[in-house]
Amino acid sequence: MNGPAPGALPGPLVGTDWVAPRLGTPGLVVLDASIGGHRDAGERIPGARPFDIDGALSDHSGPLPHTMPGADHFTRELRALGVDDGDTVVVYDGAGLYSSARAWWMLRAMGHDRVAVLDGGLPAWRAAGLPLETGAPAPAARPGDFTARQRPGLIVGSDEVAAALADPASAVLDARSRDRFAGAVAEPRPGLRPGHMPGALNLPFGELQRDGRMRPAAQLRDAFAPLAGERQRLLFSCGSGVTACILALGAELAGYDDLAVYDGSWSEWGLPRADRPVVTGPQSGGPQA
């Protein structure tokens with residue numbers, strides 16, 4: 001054994017000081033959930049395996065990006081990564097804290113609670129002077145026995161979001177930038193309408209972070225409270241279901257526990273279709289009793 005047993009996670013967010021002394025310990029799996037330009041950076045935490053959201057760990061059978069694969073597919077891919085049901089999983093990404101939150105939420109939605117996000121990701125690991133590995137990642141020594149047990153209500157579709165927008169006990173929070181939310185700039189994905197869902201509230205994901213790390217819990221509570229009010233059921237949307245998960249992580253750290261992510265997000269709602277209304281301008285909704 002190369003270090004202390006992983007033990008219980010301190011929460012959904014861990015620092016390099018928690019991961020580093022446990023690296024290589026049986027029962028701890030580290031997954032690199034980088035996307036985009038960080039996906040093939042060629043540098044990783046030693047022993048990390050690729051949780052490929054741009055590739056095998058999204059459903060490519062439809063037109064929407066980054067959608068959740070089915071339970072059987074998810075089971076097969078996690079087993080190929082050597083993940084066991086009893087493992088403690090730490091996910092990170094090369095941007096700091098971006099797509100790793102998506103991997104964390106996907107694992108939670110598939111029934112795996114022993115998972116946490118590395119605060120600050122690879123930049124924090126590098127800044128701490130910790131060892132790095134280069135070259136192609138080594139495959140898992142053996143297949144894992146992970147089995148996905150999909151939980152209803154954590155990943156939702158447009159019908160659930162439409163119902164939540166009409167429900168005074170729920171709030172829908174959009175993680176996109178304020179300009180995109182207001183429709184003041186064009187969407188980066190061609191063919192999508194600018195603007196936001198009527199009644200949605202805007203909380204850009206970057207406002208929950210400082211220097212690529214999540215803000216303290218008290219500051220997160222201050223960010224959510226003016227929008228959520230007394231509402232405890234919070235649904236999150238973004239461009240393609242990735243940064244919405246940063247809001248889910250922030251909300252959990254702030255003490256909320258009835259949370260959902262809209263899988264299609266604006267890539268679906270923003271399509272030119274009459275049954276999903278879009279408005280422009282600043283948000284008009286707010287806390288309700």
Side-chain angles (χ1 to χ4, degrees), residues 6-23 25 27-36 38-39 41 44-45 47-54 57-58 66 68 74 78 81 83 87-128 130 146 151 154-155 175 203 205-217 219-221 223-224 234 236 238 241-257 259-261:
L9 286 165
L13 193 68
V14 294
T16 57
D17 58 343
W18 190 91
V19 178
R22 295 168 170 83
L23 197 64
T25 300
L28 177 68
V29 176
V30 178
L31 300 177
D32 180 353
S34 300
I35 64 173
H38 295 281
R39 180 184 179 198
R44 73 190 65 81
I45 294 174
R49 304 163 198 165
F51 188 100
D52 191 359
I53 295 171
D54 281 339
L57 280 157
S58 286
H66 300 141
M68 190 79 174
F74 197 85
L78 268 290
L81 292 173
V83 180
D87 282 341
T88 296
V89 179
V90 173
V91 292
Y92 76 93
D93 65 69
L97 201 162
Y98 186 74
S99 49
S100 52
R102 172 72 179 182
W104 165 77
W105 193 253
M106 290 171 71
L107 281 155
R108 293 280 301 276
M110 287 296 185
H112 195 81
D113 287 326
R114 296 177 62 85
V115 57
V117 173
L118 175 60
D119 199 15
L122 190 62
W125 187 270
R126 190 182 291 115
L130 293 163
F146 178 90
R151 291 180 170 131
L154 273 70
I155 298 285
L203 182 56
F205 73 89
E207 296 183 9
L208 302 186
Q209 301 182 347
R210 181 189 296 135
D211 299 326
R213 303 179 192 230
M214 296 298 287
R215 291 183 176 274
Q219 293 182 19
L220 295 173
R221 286 191 288 272
F224 282 99
L234 305 181
F236 306 109
C238 60
V242 173
T243 59
C245 300
I246 297 175
L247 265 58
L249 176 61
E252 180 156 320
L253 292 166
Y256 297 89
D257 59 11
L259 312 174
V261 167

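We're numbering straight along the sequence, starting at 1. For clarity, every value in this text was computed on a predicted model and none was experimentally measured.
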Any side-chain heavy-atom pair of [X] and [Y] under 4.5 Å:
X    : Y    : result
D32  : D52  : no
M106 : F51  : yes
L122 : Y92  : yes
L259 : E252 : yes
D113 : R151 : yes
L208 : M214 : yes
L107 : L78  : yes
P12  : L249 : yes

How long is the gap from [atom1] on [X] to [atom2] on [Y], to the nearest 0.5 Å?
X    : Y    : atom1 : atom2 : answer
E207 : I246 : CD    : CD1   : 12.5 Å
C245 : I155 : SG    : CD1   : 6.0 Å
I35  : S58  : CD1   : OG    : 8.5 Å
M110 : L154 : CE    : CG    : 10.5 Å
L28  : L9   : CG    : CG    : 8.5 Å
W18  : L13  : CH2   : CG    : 12.0 Å

Practice problem: Please answer whether the main-chain N or O of P6 pairs with a side-chain N or O of T88 as donor and acceptor at a distance below 3.5 Å. | Solution: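 It does not hold such a pair.
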Nearest non-hydrogen partners of [X] and [Y], listed with the distance:
X    : Y    : answer
R221 : A254 : CG-O, 3.1 Å
V117 : S100 : CG1-OG, 3.5 Å
A251 : L234 : CB-CD1, 4.3 Å

Using the test side-chain contact (heavy atoms from CB on, under 4.5 Å), find all partners of [X] that sit at least two apart in sequence or belong to another chain.
X    : result
R49  : V29, L31, L81, A140
A244 : F236, C238, V261
A20  : W125, L130

Exercise. Please list all pairs passing the salt bridge (charged side-chain N to carboxylate O under 4.0 Å, His left out) test where one or both residues lie in residues 90-107, with sequence neighbours left out.
Key: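 Counting only pairs at least two positions apart or across chains, the salt bridge (charged side-chain N to carboxylate O under 4.0 Å, His left out) contacts touching residues 90-107 are R102-D263.
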Quiz item: For D54, which residues count as a side-chain hydrogen bond (donor to acceptor under 3.5 Å, both in side chains) partner, sequence neighbours excluded?
Solution: H66
Exercise. I would like to know whether V90 and V115 meet side chain to side chain contact (heavy atoms under 4.5 Å, CB included); could you show each step before the answer?
Key: CA-CA 6 Å; V90 173; V115 57; over 6 Å; no
Practice problem: Could you verify whether a donor N or O on one side chain and an acceptor N or O on the other, from R39 and S34, lie under 3.5 Å apart? | Solution: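 Looking only at side-chain atoms, S34 and R39 do not form any donor-acceptor pair under 3.5 Å.
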Practice problem: Mind telling me whether H112 and F146 have parallel, tilted or perpendicular rings, with 30° and 60° as the class edges? | Solution: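 The rings of F146 and H112 sit tilted, inter-plane angle from 30° to 60°.
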Quiz item: Excluding sequence neighbours, so at least two apart, what forms salt bridge (Lys or Arg N to Asp or Glu O under 4.0 Å) with R126?
Solution: E43
